[in-house]
Protein chains: 2
Amino acid sequence: MKIQKITIYDIAQRAGASASTVSSALDGSWKKRRISKKTAERIQEIAVQMDFTINRQAQGLRKAKSGLVGMILPEHNNRFFSDLSQSFAGEVRQRGNCPAIISTRRNEEEELEVVSNFISYAIDALFIVGATNPIALSKLCKSAELPHVFVDQPCELAPSIVTDNYFGAAELTNHLISFSPKSNQELSNQVYFLGGDATLPASSRRIDGFVDTLNNAGIGFTQSHINACGYDRDRAGKELNKLYAQRGGLPSILLINSIDCFEGALKFFSQLPEEEVTKCTIGCFDYDPFGILLRFPVHMIRQRANKLVKEAYDCIENNSGEPILKLIKPELIIP
Amino acid sequence: MKIQKITIYDIAQRAGASASTVSSALDGSWKKRRISKKTAERIQEIAVQMDFTINRQAQGLRKAKSGLVGMILPEHNNRFFSDLSQSFAGEVRQRGNCPAIISTRRNEEEELEVVSNFISYAIDALFIVGATNPIALSKLCKSAELPHVFVDQPCELAPSIVTDNYFGAAELTNHLISFSPKSNQELSNQVYFLGGDATLPASSRRIDGFVDTLNNAGIGFTQSHINACGYDRDRAGKELNKLYAQRGGLPSILLINSIDCFEGALKFFSQLPEEEVTKCTIGCFDYDPFGILLRFPVHMIRQRANKLVKEAYDCIENNSGEPILKLIKPELIIP
DNA sequence: TTAATTTGCAAAATCGATTGTGCAAATTTA
DNA sequence: TAAATTTGCACAATCGATTTTGCAAATTAA
């Protein structure tokens with residue numbers, strides 16, 4: 001049980017060498033620095049014996065690098081975001097670095113504060129997920145020369161990796177149409193889109209995909225068939241209730257945007273007789289494993305968290321920060 | 001856009017003061033160090049003007065503290081663990097520190113490696129969630145004089161905050177008994193426990209609570225009514241299928257241990273006619289919001305992630321590392 | 001008015017690593 | 001054998017903060 005932390009000076013003393021020799025023996029630069037193999041190996045052995053662990057703060061101070069890689073995201077307890085953190089943590093650790101993940105609760109000030117904080121720790125790179133104010137964040141990172149990449153929510157000033165929401169919505173809509181027992185003719189004015197925020201890029205692309213697919217299929221609809229009522233679970237339930245009352249029943253196809261809205265819808269469904277729900281073909285742009293375990297089929301779109309993270313890392317490592325937008329196709333989960 | 005980072009020396013020069021004066025003006029120790037209020041305020045203003053952010057590595061090196069607070073946990077994408085990280089992140093940031101959360105995939109070596117890594121960053125405290133090898137981890141922390149606390153999985157060498165599994169299981173069992181339309185007499189040999197690992201403290205305490213409650217209620221059962229078949233979803237589904245075949249139907253009460261097993265059970269349920277499932281009173285020791293949205297009632301036990309974290313922080317701040325075991329009662333979620 | 005305090009701050013050492021420079025000793029070349 | 005080169009390593013500066021020490025100047029006490 002050591003009490004004082006072992007430093008390179010302790011090793012130097014034991015090895016009868018200088019601290020600089022120890023340093024280069026341990027960080028692998030001994031060949032460049034013309035330390036003999038024999039000396040280097042002896043020092044490495046002693047380091048292991050003495051149970052040496054490097055002081056990352058001293059190292060970081062000198063090298064102006066920390067080995068920390070940061071990620072900010074809206075919240076931890078959300079399937080998609082926690083899939084992202086899981087992948088992120090794996091990728092970072094695979095590269096011998098240390099992940100630092102902080103949630104910023106979709107709060108603009110908190111985002112900026114956390115990034116400032118990260119900068120003062122000299123993190124080596126930053127992954128920004130679902131940013132509220134991408135422009136301000138990117139500017140802040142640039143002023144500190146911090147390599148960064150946006151995930152899920154794009155930024156025009158920096159590389160961005162985003163789910164191909166248009167493609168996903170189109171694919172899901174197509175799938176729902178072909179799964180429904182009704183003909184395209186019969187489906188006119190029977191297809192609804194519920195949830196999300198049309199002012200945000202993600203939802204707006206999804207709505208585009210939905211709309212274009214209906215048009216291509218010759219299925220009639222009006223603006224009233226698209227209800228981007230936000231992400232609140234209870235709100236979505238109420239809107240669905242209203243729709244049900246107006247129509248005197250569920251629509252033939254219902255595409256729900258976001259898992260939270262899906263929860264609200266589910267709550268409403270659980271009050272209806274099962275056969276009524278079964279008659280409605282249901283899709284959800286988001287994924288939850290419980291979705292496929294329900295008594296009626298739910299078709300889901302799952303974002304590829306792992307691929308998003310890998311592509312983002314690729315940008316950090318190879319892309320020199322030029323703004324690009326890379327779309328990742330999500331996958332359809334069929335019950 | 002600054003290119004070179006501003007340091008206290010830059011501020012010193014601009015203020016016509018020394019670096020040591022700047023340092024104490026900025027960290028609040030100026031009063032103790034007999035710097036005049038006027039000077040301190042002037043320096044603070046200049047610091048804001050120059051957009052100064054402290055270099056945490058230099059600070060950490062000198063103070064042998066980093067302002068980082070670490071947490072290790074088995075995985076990010078799990079409701080309970082991500083609730084814990086969310087609470088943890090909030091508590092840490094509230095104290096002006098920076099949370100670092102790393103998942104170690106229930107892998108003993110990975111746990112040790114990550115903790116070593118944390119130590120080399122001089123983190124100020126460590127929260128260890130669901131450890132695989134608590135003893136080894138605690139010893140490692142102690143050798144580095146790192147304050148630490150165990151959450152969810154206790155350790156006899158350090159303070160531990162754990163859900164009161166006995167209480168939770170007893171409460172859930174009691175609730176299921178009283179919810180069931182059958183009398184206690186009728187329930188004999190009709191109550192089952194499924195899932196979990198009886199060799200782990202958590203499950204074993206839950207089984208104790210289950211068993212004692214049945215005994216108290218005078219409900220007969222044998223060892224065959226307790227099937228701690230692990231945490232695998234498909235395995236749990238198979239075991240349930242087997243039980244169903246043997247008995248020629250579902251039991252009157254089924255207590256499922258862990259959300260993963262619940263998913264397996266749910267998959268099996270979805271193949272049965274609804275009225276058959278409704279006749280079985282179902283409980284789950286774990287929580288998922290989808291659970292209350294099913295077509296049949298599911299009674300759930302939810303661990304108080306936030307309280308666990310708060311109590312753990314309290315230990316770190318006030319407890320000086322003596323081993324204690326604190327139990328936190330979970331809450332019953334009624335559909 | 002002189003001695004004793006107090007006030008206000010600068011100087012310098014320190015934390016533990018990295019890295020440019022320089023200098024003997026060993027080796028090669030002429 | 002002497003000169004030139006290479007090998008192997010130590011020394012010292014440096015990163016940016018914190019903290020102990022010390023010393024004038026200002027203030028108070030005697």
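Proteins come first, then strands; the chains are lettered A, B, ... in the order of their sequence lines, and each starts at number 1. Quick caveat: nothing in here was measured; it's all calculated off a predicted structure.
B:Asp27 has its CG atom 18 Å from the P atom of D:dG16, to the nearest Å. Taking atom CD1 on B:Ile35 and atom C1' on D:dT21, their separation rounds to 14 Å, with Å as the unit. Per the geometry, CG belonging to A:Leu61 stands 9 Å off P belonging to D:dA17, to the nearest Å. Atom-to-atom, CZ of B:Arg56 to C1' of C:dC15 comes out at 17 Å; the value is rounded to the nearest Å. Taking atom CD1 of residue B:Ile8 and atom P of nucleotide C:dC15, one finds them 17 Å apart after rounding to whole Å. In this entry the distance linking CD1 of B:Ile43 with P of D:dT18 reads 13 Å, nearest Å. The interatomic distance linking A:Lys32 (NZ) with C:dT19 (C1') rounds to 14 Å, in whole Å. Distance CD1 (A:Ile11) to P (C:dG16): 13 Å, rounded to an integer number of Å.
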Practice problem: Could you check B:Ser103 against A:Gln86 for side-chain contact (heavy atoms from CB on, under 4.5 Å), going step by step and ending with a plain yes or no? | Solution: CA-CA 7 Å; B:Ser103 61; A:Gln86 186 82 346; 3.5 Å; yes

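Close to C:dA10, at under 4.0 Å from its OP1 or OP2, lies a side-chain N or O of B:Thr21. Residue A:Ser18 has a polar side-chain atom (N or O) positioned under 4.0 Å from OP1 or OP2 of D:dA10.
At a threshold of 4.0 angstrom between heavy atoms, the contacts of B:Ser23 include nucleobase atoms, whether or not backbone atoms are also involved. If you check every strand for non-hydrogen atoms under 4.0 Å, A:Thr39 touches sugar and phosphate atoms only. Base engagement by A:Arg33 is indicated by at least one non-hydrogen atom pair under 4.0 Å involving a base atom. Counting non-hydrogen atoms under 4.0 angstrom, A:Ala64 reaches nothing in the nucleic acid.
The B:Arg62 side chain lies nearest to C:dA13 when the options are C:dG16, C:dA13, C:dA10. The side chain of B:Ala58 lies closest to D:dA17, out of C:dA17, D:dT19, D:dA17.
Comparing A:Ser24 and A:Arg34 along DNA chain C, the residue whose closest nucleotide (by nearest heavy atom) sits nearer the 5' end is A:Ser24.
Between B:Tyr313 and B:Phe127, the ring centre distance stays below 6.0 Å.
Within 3.5 Å, a donor on the side chain of B:Ser20 pairs with an acceptor on the base of C:dA11, or the reverse.
The number of heavy-atom neighbours closer than 6.0 Å to CZ of A:Arg105, taken from other residues, nucleotides and ligands shown, is 12 or below. A:Glu156 CD: 12 or fewer foreign heavy atoms inside a 6.0 Å radius.
Under the 3.5 Å distance criterion, with hydrogens and angles disregarded, a donor-acceptor pair is assigned to the side chains of B:Ser138 and B:His148.
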